[in-house]
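Input: a single structure, listed below in structure tokens.
In this text the structure is predicted, and so the values were computed from the model without any measurement.
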Amino acid sequence: MADEKTQVEIQLIKNEESVPPPDELITGNKGAVYTDLIKLIAAGTFKRGTLLMAGTGGYVASTQTGLATAAGICILCDDITIGENEFAEVPAYFEGDFNDARVILPFEGEDDDHDTLIEAIREPLRKSKIFLRHIHE
């Protein structure tokens, strides 16, 4: 008996109005060069561009101190909401050039200066082949 296969249905975009505008997360000549699926185990709502790090059993929202020793660092590709006691397999960028103004830092508070935090984490991200570029607007 042959293995049964499930047909995957792809929704094609039929008009230009349904195409989302570019968000300028990916930048540079190379853009994102490596993506993979990760197991996101933290509950919450996460937006495209959120900085994640490897935790026990999967990936979680990054912390500033955790980035220095994290076994893996990545940037979330798509928006996702995960409930308590749930996880999701989601795509993430592991290498590439990214607009530092569009990367979401989960540990950033309302009174924090985004540019100062970016400078503080730039080196651990470089070691993981994630390059943050300042784009002049």
May I have the step-by-step check of side chain to side chain contact (heavy atoms under 4.5 Å, CB included) for Val90 and Leu76, ending in yes or no? CA-CA 8 Å; Val90 295; Leu76 187 64; 3.6 Å; yes
Apply side chain to side chain contact (heavy atoms under 4.5 Å, CB included) to residues Ile82 and Leu40 and explain how you reach the verdict. CA-CA 8 Å; Ile82 302 173; Leu40 184 55; 3.5 Å; yes
Could you walk me through whether Tyr59 and Lys39 pass the side chain to side chain contact (heavy atoms under 4.5 Å, CB included) check? CA-CA 6 Å; Tyr59 280 77; Lys39 183 179 181 182; 5.9 Å; no
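Counting all heavy atoms, side chain and backbone alike, Ala43 lies closest to Gly83 at CB-O, 3.7 Å. Contact record, Ser128 with Ile73: OG-CD1, 3.6 Å, taken as the closest heavy-atom pair. What you find for Leu67 and Ile121 is that their closest heavy atoms are CD1-CG2, 3.7 Å. Residues Gly58 and Ile41 come closest through the heavy atom pair N-CD1, 3.8 Å. Closest heavy-atom contact between Leu25 and Gly49: CD2-CA, 3.8 Å. Contact between Pro106 and Leu51 at its shortest, heavy atoms only, is CG-O, 3.4 Å.
Contact of the Leu132 side chain with the Asn99 side chain is not registered, since no non-hydrogen atoms from C-beta on lie closer than 4.5 Å. In this structure, the side chains of Thr35 and Phe94 stay at 4.5 Å or more apart for every pair of heavy atoms. Looking at Glu95 and Ile130, their side chains never come closer than 4.5 Å, going by heavy atoms from C-beta outward. Counting heavy atoms from C-beta outward, Met53 and Thr63 have side chains that approach closer than 4.5 Å. Side-chain contact between Asp36 and Pro91: absent, with no pair of heavy atoms (C-beta onward) separated by less than 4.5 Å. For the pair Val103/Leu105, a side-chain contact is recorded, criterion being any heavy-atom separation below 4.5 Å from C-beta on. In this structure, the side chains of Ile38 and Glu89 stay at 4.5 Å or more apart for every pair of heavy atoms.
In this structure, Leu117 CG and Phe107 CZ are separated by 5.5 Å, a value rounded to the nearest 0.5 Å. Note that OH of Tyr34 and SG of Cys74 are 10.5 Å apart. Values are rounded to the nearest 0.5 Å. Rounded to the nearest 0.5 angstrom, Leu52 CG and Ser62 OG are separated by 6.5 Å. Glu24 contributes atom CD, which lies 12.0 Å from atom CD1 of Ile26 (distance to the nearest 0.5 angstrom).
Here the two rings, on Phe98 and Tyr93, have centers that are under 6.0 Å apart.
Side chain of Arg102 to backbone of Asp23: a donor-acceptor contact under 3.5 angstrom is found. Using a distance-only test at 3.5 Å, with no hydrogens or angles considered, no donor-acceptor pair links the side chain of Thr50 to the main chain of Ile104. The main-chain N or O of Asp100 is found under 3.5 Å from a side-chain atom of His114 such that the two form a donor-acceptor pair.
In summary, Arg48 and Asp79 do not engage in a salt bridge, as defined by a charged side-chain N under 4.0 Å from a carboxylate O.
More than 12 heavy-atom neighbours from other residues, nucleotides or ligands sit within 6.0 angstrom of CG on Asp113. Counting heavy atoms of neighbouring residues, nucleotides and ligands inside a 6.0 Å radius, atom CZ of Phe87 does not exceed 12 of them.
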